[in-house]
Structures are given as C-alpha cells and as structure tokens.
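Each remark here refers to the structure printed beneath this line.
All values derive from a computational prediction rather than experimental measurement.
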Amino acid sequence: TDGAIITSSKNIHGLAEISRKNFISVLQGTSRFDTVVYPGQTSDMTLRIFSTPVFENEKVAYIVQVSTPLTSIEAALNNLKVTLFLLFPITILVTGVMGSFLAKAAMHPVDNMIQTIHQITAENMKLRIASPKTKDEVQKLAETFNEMLERLEGAFTAQQQLFADLSHELKTPLTILRGEFEVGLKRARSAEEYEAILHSGLEEINRITKLADSLLLLAKFDSKEVRPEMKLIDISSLIQDSVNHIKVLSEIKHIHLILKAGERILMNADEGQLKTAFLNLLDNAVKYTPESGNIDVTVERKMSMARITIHDSGVGIPKKEIRHIFDRFYRVEKSRNSSGFGLGLSIARSIIEAHNGTIEVKSNASQGTAFIIKIPAL
C-alpha cells in the first residue's frame with residue numbers, strides 16, 4: 001500500500017507505473033484498468049493493466065496488478081489497416097459496377113416509358129405505356145401515366161368534336177346569309193323584298209349571336225369566372241315563375257304543363273342563373289314532348305336538399321345516349337331539324353353544379369324522360 005514491490009513475475013521487472021491519482025483510487029478499494037507504456041530492454045511495450053486491492057480485516061493489505069502486452073492486438077490492427085487499404089478501392093469499384101448494373105436494370109422500364117411518351121402526339125393519342133408487372137413504384141407510375149393519357153385523349157377528342165360541331169352550327173346560318181345576299185344582289189328588287197331578306201339575315205345573325213353567348217357563358221363556367229351572386233330566394237316561387245314563362249310555348253303544342261309545389265323552400269342562390277337553368281330544362285321538355293303530351297314539374301324538400309323533378313311524356317332517350325346528353329352540341333336525334341344548338345343542358349348542368357347541386361336524368365321509352373335536380377336548401 002505504500003508503493004513498494006512485494007513480488008513480480010520474471011518477465012517484467014518492477015511496478016508498471018500508473019498515475020498517483022489512479023493509484024490512490026485503488027487504495028480506496030476501486031479496481032481499475034489502465035493502459036501504460038512499459039520501457040523494455042529493446043523497445044517500449046504497451047501494457048493493459050488491471051489493478052485490484054486485496055482486503056484483509058476489511059482493510060487494503062496489498063494491491064495485485066495483472067498486465068498483458070497489446071503487441072498482438074496492435075499487430076492485428078496494423079494488418080487490418082493494410083487489408084482495408086487494399087480492399088477499400090476494390091470494394092468501391094465492385095460496388096460501383098454492381099450499382100450501375102442494378103440502376104440500369106431498374107431504370108430500363110423508365111427508359112421504355114420515356115421512349116413511348118416521346119412517340120405520343122396529337123395524331124397518336126391512343127398509344128399507351130407498357131406497364132411492367134413489377135408491383136412497385138415504376139408500375140404505379142406507368143399506370144398513372146396511362147390514366148392521364150386516357151383523360152388527355154378524352155379532352156382532346158372532346159375538343160375536336162367541339163370544333164367540328166361549332167363549325168357545323170356556324171355553317172348553316174352563314175350559308176343561309178350568303179345565299180340570301182346572293183339572291184338579293186342578282187337583280188333589283190322591291191323595298192319589301194329587300195326588307196324580307198334583311199329580316200331573314202337578322203334572324204341568322206341573332207342565331208349566331210345566341211350561339212356565341214352560350215359558348216362564352218360555358219367558357220366562363222369552365223374557368224370559374226362566373227360566380228353565383230348568392231341571395232335568399234324561394235325556389236318554389238322561382239319554379240312557378242319559370243313555368244309561367246314557358247307556358248306560352250307549351251300551349252302552342254297543347255301540352256299539359258302541371259306544377260306541384262308545396263311549402264316554401266328557401267336557399268341562398270343566384271336567382272338569374274337558376275332561372276336560366278330551369279328555363280333551358282323546361283324548353284327542352286316542351287321541345288321533345290309531342291302535342292297534347294304532359295309535363296309534370298314537382299318541387300319538394302328532401303332532408304336538407306330541394307328536389308325539383310321535370311318529367312315529360314316524350315319519346316324518351318335511349319340508354320346508350322343518356323351519358324352524352326350533357327355534352328355540348330349533342331342531340332339525341334342528330335338528323336332532326338331543331339332550332340337549338342345542343343347547349344341548353346350543358347349550361348343547365350354548369351349552373352346547378354356552381355350551386356353545389358346535382359342533376360341526373362332517367363328515361364324510359366314508354367314513360368318519357370325525367371330530370372331530377374337537387375340543390376342545398378336552408
């Protein structure tokens with residue numbers, strides 16, 4: 001305990017010195033490990049020393065130190081350094097080659113997708129990306145691209161159809177205008193004849209103006225430029241007013257137009273827009289209901305919704321045509337000579353959807369057609 005050597009192994013002479021502070025901690029009863037450099041005969045030796053106190057009568061009688069040289073460990077670490085130094089660049093090279101191969105294999109489907117996408121043009125919208133059966137993100141990406149292409153093809157086809165229909169609708173009035181003006185210029189005519197020609201031309205101009213106004217209104221709804229000017233209205237009163245306006249047309253065809261409206265149903269809505277929508281629907285019902293037919297209009301409350309049903313006794317709409325009736329310029333009977341443009345139902349749906357409502361159609365060849373409108377009520 002005073003630092004004197006009691007005995008030591010033959011292969012180490014003297015006490016391997018540890019600091020005074022560490023020696024005192026052992027005297028206080030604490031075992032410890034230390035690493036020290038022991039001066040040897042030829043070279044210094046690094047030792048790992050375990051110092052532990054030995055107690056007699058509950059007092060430290062002496063201290064035992066056991067040490068082992070770290071030569072083998074240092075040699076192993078030096079060999080490991082050399083090994084790592086040699087293996088590290090080889091590992092990097094092998095990993096790089098394998099990573100490049102795996103990346104190329106993983107990106108191969110993406111490269112195919114890119115090549116396919118480059119081939120898709122306006123004239124080749126039906127081309128689709130081959131979806132790899134990998135059940136991973138690449139497959140999801142390919143499927144998402146194909147869904148997007150489906151929507152783009154639909155929008156592109158609809159746009160082409162829109163331009164074709166628009167050209168067709170404009171061609172008729174312009175042809176009439178041109179023919180009447182040519183007839184009027186062939187020879188001198190009386191004032192009454194010129195007046196008749198001008199009146200006929202004005203009708204066609206009004207027809208073109210109405211078409212332009214309808215298309216402009218639909219374009220504004222599509223771009224969200226038209227916002228309903230909400231105010232408190234009674235939808236029953238609005239429907240009654242719309243029915244009164246359309247009765248002039250229904251009486252010409254001797255159609256029985258009946259309104260069933262009960263209690264007042266209040267809602268926040270744009271009165272002008274909704275009236276336009278209902279007049280379009282009622283005009284459509286009168287147009288396609290035969291003489292002496294029936295049109296029943298019902299207004300009722302269903303929970304928090306106002307439900308308006310317009311049911312006519314017309315010829316009905318074929319099932320395959322129902323999903324197209326809200327398309328612009330679409331007519332169920334395309335060969336029928338009609339004064340309309342096929343935009344009324346599109347405008348009505350846009351107005352009702354702008355009021356967070358819905359419109360659906362049910363039709364049967366023997367029972368006519370029913371339009372069902374639901375709009376949130378107060």
For residues 306-318, which side-chain donor-acceptor pairs fall under 3.5 Å, sequence neighbours excluded?
from: His311; atom 1: NE2; to: Gln367; atom 2: O; distance (Å): 3.1
from: Asp312; atom 1: OD1; to: Gly314; atom 2: N; distance (Å): 2.9
from: Asp312; atom 1: OD1; to: Thr369; atom 2: N; distance (Å): 3.3
from: Ser313; atom 1: OG; to: Asn294; atom 2: N; distance (Å): 2.8
from: Ser313; atom 1: OG; to: Asn294; atom 2: O; distance (Å): 3.3

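- Two residues are said to be in side-chain contact when any heavy atoms from C-beta on lie closer than 4.5 Å; Ser51 and Ser31 fail this criterion.
- By the criterion of side-chain heavy atoms lying less than 4.5 angstrom apart, applied directly or through intervening Ile, Leu, Val, Met, Phe, Trp or Tyr residues, Met113 is grouped together with Leu127 in one hydrophobic cluster.
- Val110 and Leu149 fall within the same hydrophobic cluster, where Ile, Leu, Val, Met, Phe, Trp and Tyr residues are linked whenever their side-chain heavy atoms come under 4.5 Å apart, directly or through other members.
- By the 4.5 Å heavy-atom criterion applied to side chains, Leu345 and Val361 are not counted as neighbours.
- Applying the ring pair (Phe, Tyr, Trp, His ring centres under 6.0 Å) test to His245 and every residue at least two apart in sequence or in another chain returns nothing.
- The hydrophobic clustering, which links ILVMFWY residues whose side-chain heavy atoms are closer than 4.5 Å, places Met148 and Ile117 together.
- Remark: Arg264 engages no residue in a side-chain hydrogen bond (donor to acceptor under 3.5 Å, both in side chains) (not counting sequence neighbours).
- Using modelled atom types and a 3.5 Å distance limit, the side chains of Gln115 and Gln119 yield no donor-acceptor pair.
- Put simply, the side chain of Leu274 reaches to within 4.5 Å of the side chain of Ile351, judged on heavy atoms.
- Considering CD1 of Ile375 and CG of Asn268, their distance stands at 12.0 Å, rounded to 0.5 Å.
- Between the Thr144 side chain and the Lys140 main chain, a donor and an acceptor come within less than 3.5 Å of each other.
- To the nearest 0.5 Å, the span separating OG1 on Thr30 from CD on Gln28 amounts to 6.5 Å.
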Start with the C-alpha gap between Glu300 and Lys260, add the side-chain angles, then the distance that decides, and say whether salt bridge (charged side-chain N to carboxylate O under 4.0 Å, His left out) holds. CA-CA 9 Å; Glu300 56 188 340; Lys260 298 177 183 178; over 6 Å; no
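- Every pair tested for salt bridge (charged side-chain N to carboxylate O under 4.0 Å, His left out) that includes a residue from residues 344-365 fails, sequence neighbours excluded, so the list is empty.
- There is a path of hydrophobic side-chain contacts, each under 4.5 Å, that joins Ile322 to Ile352.
- Side-chain contact check for Glu193 versus Arg187: some heavy-atom pair is nearer than 4.5 Å.
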Identify each donor-acceptor pair in which a side-chain atom of residues 78-99 lies under 3.5 Å from a protein atom, sequence neighbours left out, and give them as a table.
from: Asn78; atom 1: ND2; to: Glu74; atom 2: O; distance (Å): 3.1
from: Asn79; atom 1: ND2; to: Ala75; atom 2: O; distance (Å): 3.2
from: Thr83; atom 1: OG1; to: Asn79; atom 2: O; distance (Å): 2.8
from: Thr91; atom 1: OG1; to: Leu87; atom 2: O; distance (Å): 2.7
from: Thr95; atom 1: OG1; to: Thr91; atom 2: O; distance (Å): 2.6

Ignoring hydrogens and angles, write down the donor-acceptor pairs under 3.5 Å from the side chains of residues 230-244, residues two or more places apart or on other chains.
from: Lys231; atom 1: NZ; to: Glu271; atom 2: OE1; distance (Å): 3.4
from: Asp234; atom 1: OD1; to: Ser236; atom 2: N; distance (Å): 3.2
from: Asp234; atom 1: OD1; to: Ile265; atom 2: N; distance (Å): 3.1
from: Ser236; atom 1: OG; to: Glu263; atom 2: O; distance (Å): 3.1
from: Gln240; atom 1: NE2; to: Asn244; atom 2: OD1; distance (Å): 3.1
from: Asp241; atom 1: OD2; to: Lys275; atom 2: NZ; distance (Å): 2.6
from: Ser242; atom 1: OG; to: Leu238; atom 2: O; distance (Å): 3.0
from: Asn244; atom 1: ND2; to: Gln240; atom 2: O; distance (Å): 3.2

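- A donor-acceptor pair under 3.5 Å is absent between the side-chain atoms of Thr35 and the main chain of Arg48, judged by distance alone.
- For the atom pair Asn22 CG and Arg20 CZ, the distance stands at 11.5 Å (nearest 0.5 Å).
- Summarising the geometry, atom CG belonging to Asn206 is positioned 4.5 Å from atom CG belonging to Leu202; distances are rounded to the nearest 0.5 Å.
- Annotation: the span from Met45 atom CE to Leu47 atom CG amounts to 6.0 Å, rounded to 0.5 Å.
- Here Phe50 pairs with Phe33 under the ring pair (Phe, Tyr, Trp, His ring centres under 6.0 Å) rule; sequence neighbours left out.
- Residues Ile246 and Leu249 are in side-chain contact: their nearest non-hydrogen atoms beyond the backbone lie under 4.5 Å apart.
- Hydrophobic side-chain contacts under 4.5 Å tie Tyr62 into a cluster, directly or through other members, with Ile6, Val54, Val64, Val66.
- Within the 4.5 Å cutoff, side-chain heavy atoms of Ile325 are placed close to those of Phe371.
- No donor-acceptor pair under 3.5 Å is formed between the side chain of Lys247 and the backbone N or O of Leu257.
- A side-chain contact (heavy atoms from CB on, under 4.5 Å) with Glu204 is found for one member of Thr175, Thr209, Leu177 and no other, namely Leu177.
- Taking 4.5 Å as the limit, every side-chain heavy atom of Ile176 sits out of range of all side-chain heavy atoms of Arg207.
- A heavy-atom distance below 4.5 Å is found between the side chains of Met305 and Pro376.
- In this structure, the separation between CD on Glu143 and CZ on Arg128 is 13.5 Å, given to the nearest 0.5 Å.
- Partners of Asp270 by salt bridge (Lys or Arg N to Asp or Glu O under 4.0 Å), not counting sequence neighbours: none found.
- Screening residues 249-281 for ring-ring contact (aromatic ring centres under 6.0 Å, His included) gives no qualifying pairs among residues at least two apart or on separate chains.
- Arg178 is linked by a salt bridge (Lys or Arg N to Asp or Glu O under 4.0 Å) to Glu182, counting only residues two or more places apart in sequence or in another chain.
- By the salt bridge (Lys or Arg N to Asp or Glu O under 4.0 Å) test, Lys302 is found to be paired with no residue, residues two or more places apart in sequence or in another chain being considered.
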